[in-house]
Amino acid sequence: MVSFDHREPGTSEQRWAADGRLATRPGLSLDEIDALLVIAAHPDDETLGAGGLIAACAARGLPVRVVVVTDGAAASGHPDAAIAPRRSAELAAAVAALAPDAVIDELGFADGGTLEDRDAIRDALRPLLAAAGPRTAVAAPWRGDGHRDHRVVGEVVAELADGAVLLEYPIWMWHWASPDDGVVPWARMVSLAVDAETKARAVARYPSQTQGADPQLGPHVLTRFAREREHFIVEEPIIGESYFDDMLQRRDDPWGFESRWYEQRKRALTLASLPDERYGAALEIGCSIGVLTADLAARCDDLLAVDISGRAVDRARIRVDGAARIEHRNAVVDFPEGAFDLIVLSEMGYYCSEGDLEQLLDSMLAALAPGGSILACHWRHPLDDGPLTGDRVHAALAMRDLPLIVQHAEDDLLIDVYSPDDRSVAVRTGLR
């Protein structure tokens with residue numbers, strides 16, 4: 001049940017941290033950002049949700065603009081016009097602690113009345129967002145945060161921020177949700193390392209919210225915003241190099257490739273599904289730490305294995321010890337040149353967006369040698385961090401104009417082999 005009562009303990013920060021996924025979200029790069037526009041529903045949202053981002057952009061010399069939609073006068077649950085000037089002064093002090101040169105716009109709409117004022121809010125935000133270029137990052141409340149003001153402001157910003165980089169920050173989600181809730185958008189969450197001390201100093205500029213007998217931002221609330229990383233929700237899932245590098249930094253084999261019987265059996269099934277005993281040129285996309293790579297190399301004259309993670313590539317090279325060529329590359333945007341008799345896509349496709357998967361499949365078919373085979377193998381259960389399911393990946397491959405020659409389907413996994421040579425293994429080997 002969604003709760004916005006600050007007096008309730010909510011989900012503890014210890015529970016969020018223990019889940020582990022916060023520490024493995026893909027990193028947010030600021031290299032392609034020229035400016036930052038932060039939009040908040042209330043004074044203090046900008047600091048709680050994006051204070052670290054504001055400070056990081058300011059440190060880079062990027063222009064920062066902060067727009068606060070409401071006056072924050074209903075923070076205690078009851079409108080109090082007398083508190084609005086105080087919150088305005090706190091806003092100025094907090095933003096100055098993060099980005100001294102930032103521009104602040106206060107739209108002054110009634111706290112708690114964003115639904116009724118939605119059209120007027122849209123009209124006020126329209127020119128600000130229209131001026132945002134494609135290299136402007138727009139940070140706004142997450143539309144799924146539950147709180148009505150956050151939802152309405154987030155929806156308006158998402159509607160108007162066409163072409164800009166939209167980063168949605170959760171506030172109340174950390175309180176009412178838990179790590180295992182299906183509503184938590186893990187697959188679309190990115191993170192940014194922040195200066196936690198600077199952010200804490202900015203949060204302290206809101207004494208009307210942090211002090212008193214019954215503060216809105218009590219210690220159990222503030223601990224969720226004292227992290228060394230801020231988290232944002234993006235439009236498209238981003239599972240990139242830093243995601244896998246972070247996992248491999250924490251554990252040598254986070255997927256249990258070497259220790260789990262499931263993984264050992266899956267590799268045996270994968271190898272047994274290959275219709276030819278031996279292959280000339282072969283390509284493995286997403287080789288990870290090279291456990292399957294080592295087995296494939298024994299069946300191939302020339303195996304090229306690629307992975308987006310530099311850490312994975314380093315470990316794969318040690319494992320195969322020259323038996324295969326290992327390259328650090330993103331096959332979606334930098335597909336290897338040449339023709340391949342075998343292309344293996346194992347446990348990688350569901351980390352692609354829909355568009356990236358289609359692009360990758362196009363490249364695979366274009367690189368398939370006459371009579372060659374494509375093998376796909378994927379987990380069939382939902383992933384916390386993958387934007388697609390394994391079945392969706394295989395359905396996309398099934399839409400291509402290639403005969404399906406081998407299929408192994410279980411509740412847990414699916415293996416498909418496609419080839420323009422639709423002969424059975426018995427025919428290929430002269431048994432019939």
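Note: hydrogens, waters and symmetry copies are ignored here, and every other heavy atom, side chains too, is used.
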Exercise. For Glu90, does its backbone N or O pair with a side-chain atom of Arg205 as donor and acceptor, under 3.5 Å?
Worked result: no
Exercise. Would you say the side-chain atoms of Ser191 and Arg229 include a donor-acceptor pair closer than 3.5 Å?
Worked result: yes
For this session: Return yes if some donor-acceptor pair links the side-chain N/O of Thr429 with the main-chain N/O of Val425 below 3.5 Å, else return no.
Result: yes
Problem set entry | Contacts of Ile318 that satisfy side chain to side chain contact (heavy atoms under 4.5 Å, CB included) - sequence neighbours left out | none
For this session: List in chain and number order the residues that pass side-chain hydrogen bond (donor to acceptor under 3.5 Å, both in side chains) with Glu228, two or more places apart in sequence or in another chain; answer none if no residue qualifies.
Result: none
Exercise. Are any non-hydrogen side-chain atoms of Gln209 and Pro215 less than 4.5 angstrom apart?
Worked result: no
Exercise. Can you name the closest pair of heavy atoms from Ser178 and Trp16 and give their distance?
Worked result: C-CH2, 3.7 Å
Exercise. Does the side chain of Leu167 reach to within under 4.5 Å of the side chain of Val234, using non-hydrogen atoms?
Worked result: yes
For this session: Spell out, as yes or no, whether a donor-acceptor pair under 3.5 Å connects the side chain of His328 to the backbone of Ile308.
Result: yes
Exercise. Would you call Pro336 and Val306 a side-chain contact if the rule is heavy atoms closer than 4.5 Å?
Worked result: yes
Problem set entry | Qualifying residues under side chain to side chain contact (heavy atoms under 4.5 Å, CB included), relative to Ser288, sequence neighbours excluded | Trp255, Phe257, Asp307
Exercise. For residues 364-382, which residue pairs qualify under salt bridge (charged side-chain N to carboxylate O under 4.0 Å, His left out), counting only residues two or more places apart or in two chains?
Worked result: Arg380-Asp391
Exercise. Ring pair (Phe, Tyr, Trp, His ring centres under 6.0 Å): which pairs involve residues 401-425, sequence neighbours left out?
Worked result: none
Exercise. Can you list every salt bridge (charged side-chain N to carboxylate O under 4.0 Å, His left out) pair that touches residues 165-176, not counting sequence neighbours?
Worked result: Arg143-Glu168
Problem set entry | Derivation of the side chain to side chain contact (heavy atoms under 4.5 Å, CB included) call for Leu48 and Tyr169 | CA-CA 9 Å; Leu48 296 173; Tyr169 53 85; over 6 Å; no
Exercise. Of all residues at least two apart in sequence or in a different chain, which pass the side chain to side chain contact (heavy atoms under 4.5 Å, CB included) check with Arg325?
Worked result: Asp302, Leu304, Glu327
Could you list the donor-acceptor pairs under 3.5 angstrom formed by side chains in residues 53-60, with sequence neighbours left out?
residue: Arg60; atom: NH1; partner: Asp31; partner atom: OD1; Å: 3.4
residue: Arg60; atom: NH2; partner: Asp31; partner atom: OD1; Å: 3.3

Exercise. Under a 4.0 Å N-O cut-off, is there an ion pair linking Asp145 with Arg151?
Worked result: no
Problem set entry | For Arg278, all residues meeting side chain to side chain contact (heavy atoms under 4.5 Å, CB included), sequence neighbours excluded | Asp301
Problem set entry | Polar side chain donor-acceptor pair, Thr198 to Arg201, under 3.5 angstrom | yes
Problem set entry | Minimal non-hydrogen separation, Tyr206 against Leu91, with atom names | OH-CA, 3.2 Å
Exercise. From Arg329 CZ over to Asp334 CG, what is the distance, rounded to the nearest 0.5 angstrom?
Worked result: 4.5 Å
Exercise. Should the pair Glu106-Arg87 be classified as a salt bridge under the 4.0 Å nitrogen-to-oxygen rule?
Worked result: no
Exercise. Should Arg299 and Glu277 count as an ion pair when the cut-off is N to O under 4.0 Å?
Worked result: no
Seminar exercise, completed: ring pair (Phe, Tyr, Trp, His ring centres under 6.0 Å) pairs touching residues 42-67, sequence neighbours excluded, are His42-His147, His42-His150
For this session: Under the side-chain hydrogen bond (donor to acceptor under 3.5 Å, both in side chains) rule, collect the residues that match up with Glu358, sequence neighbours excluded.
Result: Arg400
For this session: Please say whether more than 12 non-hydrogen atoms of neighbouring residues, nucleotides or ligands are located less than 6.0 Å from CG in Asp181.
Result: yes
Exercise. Can Arg315 and Asp252 be said to form a salt bridge (charged side-chain N to carboxylate O under 4.0 Å, His left out), step by step?
Worked result: CA-CA 9 Å; Arg315 296 186 189 179; Asp252 289 338; 3.7 Å; yes
Exercise. What is the distance from atom CG of Leu160 to atom CG of Leu128, rounded to the nearest 0.5 Å?
Worked result: 10.0 Å
Exercise. Is it the case that Thr47 and Asp44 place a side-chain donor and acceptor less than 3.5 Å from each other?
Worked result: no
Exercise. Who are the side-chain hydrogen bond (donor to acceptor under 3.5 Å, both in side chains) partners of Thr293, not counting sequence neighbours?
Worked result: Glu284
Problem set entry | Tyr351 ring center near Phe244 ring center (under 6.0 Å) | yes
Exercise. Is any side-chain N of the basic residue among Arg65 and Asp101 closer than 4.0 Å to the acidic one's carboxylate O?
Worked result: no
Problem set entry | Phe225 vs Trp174 side-chain heavy atoms within contact, under 4.5 Å | yes
